[in-house]
Protein chains: 2
Amino acid sequence: MEPEKVRAPNIRDVARLAGVSYQTVSRVLNEHVSIRESTKQRVLDVIEEIGYRPNQAARALVTSRSRTIGVLTAQNADYGPTTSVTAIEHAAREAGYRITITSIASNEYPSIKAALDQLQMQAVEAIVVIAPQVRVLEAIRELDITVPYVTLQNADLGGDRSMSVDQVAGGRLATQHLIDLGHTEIMHISGPQDWIEAEARMQGYLEALNDKDLRTRAPILGDWSAHFGYYAGLELLRLKDFTAMFAGNDQMALGFIHACWDSGLSVPGDMSVVGFDDIPEAAHFFPPLTTVRQNFPEIGRRAVSLLLTELQGGTATHGQIMPELVIRRSTAPPAR
Amino acid sequence: MEPEKVRAPNIRDVARLAGVSYQTVSRVLNEHVSIRESTKQRVLDVIEEIGYRPNQAARALVTSRSRTIGVLTAQNADYGPTTSVTAIEHAAREAGYRITITSIASNEYPSIKAALDQLQMQAVEAIVVIAPQVRVLEAIRELDITVPYVTLQNADLGGDRSMSVDQVAGGRLATQHLIDLGHTEIMHISGPQDWIEAEARMQGYLEALNDKDLRTRAPILGDWSAHFGYYAGLELLRLKDFTAMFAGNDQMALGFIHACWDSGLSVPGDMSVVGFDDIPEAAHFFPPLTTVRQNFPEIGRRAVSLLLTELQGGTATHGQIMPELVIRRSTAPPAR
DNA sequence: CCGTTGTTTGTGTACGTTCACATTCCCGTC
DNA sequence: GACGGGAATGTGAACGTACACAAACAACGG
């Protein structure tokens, strides 16, 4: 009984029913000033009645503005990145923007290029890059993106295009805390070598130790997982020539603590452990984890607001947020 | 020195440089069969050379196909949902689709409607709903969506539009395991009342106890967080009239275990604990957590493949995936 | 009463692509 | 050597919207 093909109502349908021209409808939609209140209301009534929805594609085509922010992520679903994505989505929506997500399939150049191509095909107006590998940032630099973008990682190469938590400062904070407690033999399990954050946290660790002329050690390169922390821990604890561990993130810290218990060591009695990120679970580890807190939602929000001001022609101040040390029960002075 | 406004190259630019008509270029782009290999190559070369990218908006406008799958999520960034989103993005991309994410600001009807409106304005071809509250599914039912959609939660109301892990079976699995160990006084901390999964897991818990004529108790309604598990645990353990706990998710299990230690109880010596989800960290809790594993990536993949077959006119089999009990060290027979 | 100004509304066109249809080309066949 | 017929290519729409410009209308002062 229904007509064969129900075409969605368009701006002309609304105009006809409201007894105005399509342009008037367009003006109502775009909140143009010069429109009589009565006609505006009439148009709005019709829109409501027939359930008209503006066609985004047509809009995007004619304005060449998509009102979309692209988010480029790595393939994994870590706590930090996903928290930031959520914050980005929120901030974007409040500003009338949508987000579209593309993840890179691998760290290789073709994959990165494909992902950015896809975003550009969608005519995103700005891009947030969460993919935290060095190579990704390098690739982005080379591909000279035509839209404003911001990276949530601070590569030195990134310069002024980043909005991030100061990872070096975080690494220093963690290490300094252990030093202050009296530890002199401090080990570090880092993230993967090509990750920007891993590199920076490691640098903070090394700087803090060097400042006090303490022995530095070649950090173990991990993969951020609790599993790695565990197995690396089992291995390292056979020697146990250190009394404190700074783990590159909370998950590895958790795995390492697990290894401590399995090796008959008590935390923090025999071994102090500091993590990084302050995931919500960290407060309930056994023992509750001393860690470095990053404000991921804040980063996401700031990234969006930064992009939005740039889109409006302003110049925004990129920059860094300071992390914060959260002291819990996993650290104590070394046993003597 | 550069021209004022650099317009992106379009299909006609390509045509001119390749010495063909714009339609021929279009045919190359759409992999039409009747095209000579030599001309096809010539066009592709030009495309490569000038860095031409098809305009998605124009495409979407004329075909009224956006090649986009919309994802509707809740505002939180839990492990399960985000893992599924990643899987969805992957599966979609392999099929040539993009995803756009919208989260609902609150559980209220207007917010849900706004989110769905936004997705429809973007002309998404299909929708994946991850928002796990009962009200969201009800709202979706009422709003009669015109595109195929699938929910990753199985509300009974959902019927055949869901692709999910059987949460009731999971709840039974967890509870049955505790019964098999000899526990008769089993407590349950559930998720929030209006969450579909919370309800279903609770139902599995109640069913398993009823089957054996064991005492059921009014479950505590939590909020999924480790914090809640901790504080609820401190409270519950003042009575300690139970020997086993089935927590609605791993985070609450972690918090509860924390409360056990703080209350001087050993896990699993004095108290057995089972979680739900099997987040990667669960294997390294203290003690490693017995839990119910959900295959989130699989769910995401299946949801997409289901939608894609529906988009091609086929009828797909919705359905459920069985969860799996992972036995670790947090459960043991009750102390006698 | 007319020109001036400002407000409100209407008309043509462009955005970049695909679809339907028309045309040309090439090759084998009678 | 003209004739079919399929393969390859070209031409004119159309999708739904916003922008530039034009027109209608009202208000106001000289």
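Chain A is the first sequence line, chain B the second, and so forth, proteins listed ahead of strands; every chain is numbered from 1.
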**Message:** Using a strict threshold of under 4.0 Å (side-chain N to carboxylate O), is an ion pair present between Glu310(A) and Arg161(A)?
**Reply:** yes
**Message:** So, does Ser34(B) get its side chain near the phosphate of dG6(D), meaning an N or O under 4.0 Å from OP1 or OP2?
**Reply:** no
Mind listing the N/O atom pairs, protein and nucleotides 13-18 of chain D, below 3.5 Å?
{"residue": "dT17(D)", "atom": "OP1", "partner": "Tyr52(A)", "partner atom": "OH", "Å": "2.5"}
{"residue": "dT17(D)", "atom": "OP1", "partner": "Asn55(A)", "partner atom": "N", "Å": "3.1"}
{"residue": "dT17(D)", "atom": "OP2", "partner": "Ile11(A)", "partner atom": "N", "Å": "2.4"}
{"residue": "dA18(D)", "atom": "OP1", "partner": "Asn30(A)", "partner atom": "OD1", "Å": "3.4"}
{"residue": "dA18(D)", "atom": "OP1", "partner": "Asn30(A)", "partner atom": "ND2", "Å": "3.2"}
{"residue": "dA18(D)", "atom": "OP1", "partner": "Arg59(A)", "partner atom": "NE", "Å": "2.7"}
{"residue": "dA18(D)", "atom": "OP1", "partner": "Arg59(A)", "partner atom": "NH2", "Å": "3.4"}
{"residue": "dA18(D)", "atom": "OP2", "partner": "Ser26(A)", "partner atom": "OG", "Å": "2.7"}
{"residue": "dA18(D)", "atom": "OP2", "partner": "Asn30(A)", "partner atom": "ND2", "Å": "3.4"}

**Request:** Compute the bend angle of the helix from dC1(C)-dG30(D) to dC30(C)-dG1(D) from the end axes (five pairs per end), rounded to 10°.
**Result:** 60°
**Message:** Please enumerate all residues that pass salt bridge (charged side-chain N to carboxylate O under 4.0 Å, His left out) together with Arg12(B), with sequence neighbours excluded.
**Reply:** none
**Request:** With sequence neighbours left out, write down each residue that passes side-chain contact (heavy atoms from CB on, under 4.5 Å) with Leu17(B), or none if nothing qualifies.
**Result:** Val46(B), Ile50(B)
**Request:** Sequence neighbours left out, what pairs pass ring pair (Phe, Tyr, Trp, His ring centres under 6.0 Å) with at least one residue falling in residues 36-94 of chain B?
**Result:** Tyr79(B)-Phe296(B)
**Request:** With sequence neighbours excluded, tell me which residues meet salt bridge (charged side-chain N to carboxylate O under 4.0 Å, His left out) with Arg36(B).
**Result:** none
**Asked** Who passes side-chain contact (heavy atoms from CB on, under 4.5 Å) against Ala123(B), sequence neighbours left out?
**Response** Ser66(B)
**Item:** Which residues share a salt bridge (charged side-chain N to carboxylate O under 4.0 Å, His left out) with Arg302(A), sequence neighbours left out
**Value:** Glu298(A)
**Message:** Tell me which pairs pass salt bridge (charged side-chain N to carboxylate O under 4.0 Å, His left out) where either residue lies in residues 15-28 of chain A, with sequence neighbours left out.
**Reply:** Asp13(A)-Arg16(A)
**Prompt:** With sequence neighbours left out, which residue pairs that include part of residues 47-60 of chain A fulfil the salt bridge (charged side-chain N to carboxylate O under 4.0 Å, His left out) condition?
**Reply:** Arg53(A)-Asp117(B)
**Item:** Inter- and intrachain pairs under ring pair (Phe, Tyr, Trp, His ring centres under 6.0 Å), touching residues 97-118 of chain A, at least two apart
**Value:** none
**Message:** For DNA chain C, which residues of residues 116-126 of chain B approach it to below 4.0 angstrom with any heavy atom?
**Reply:** none
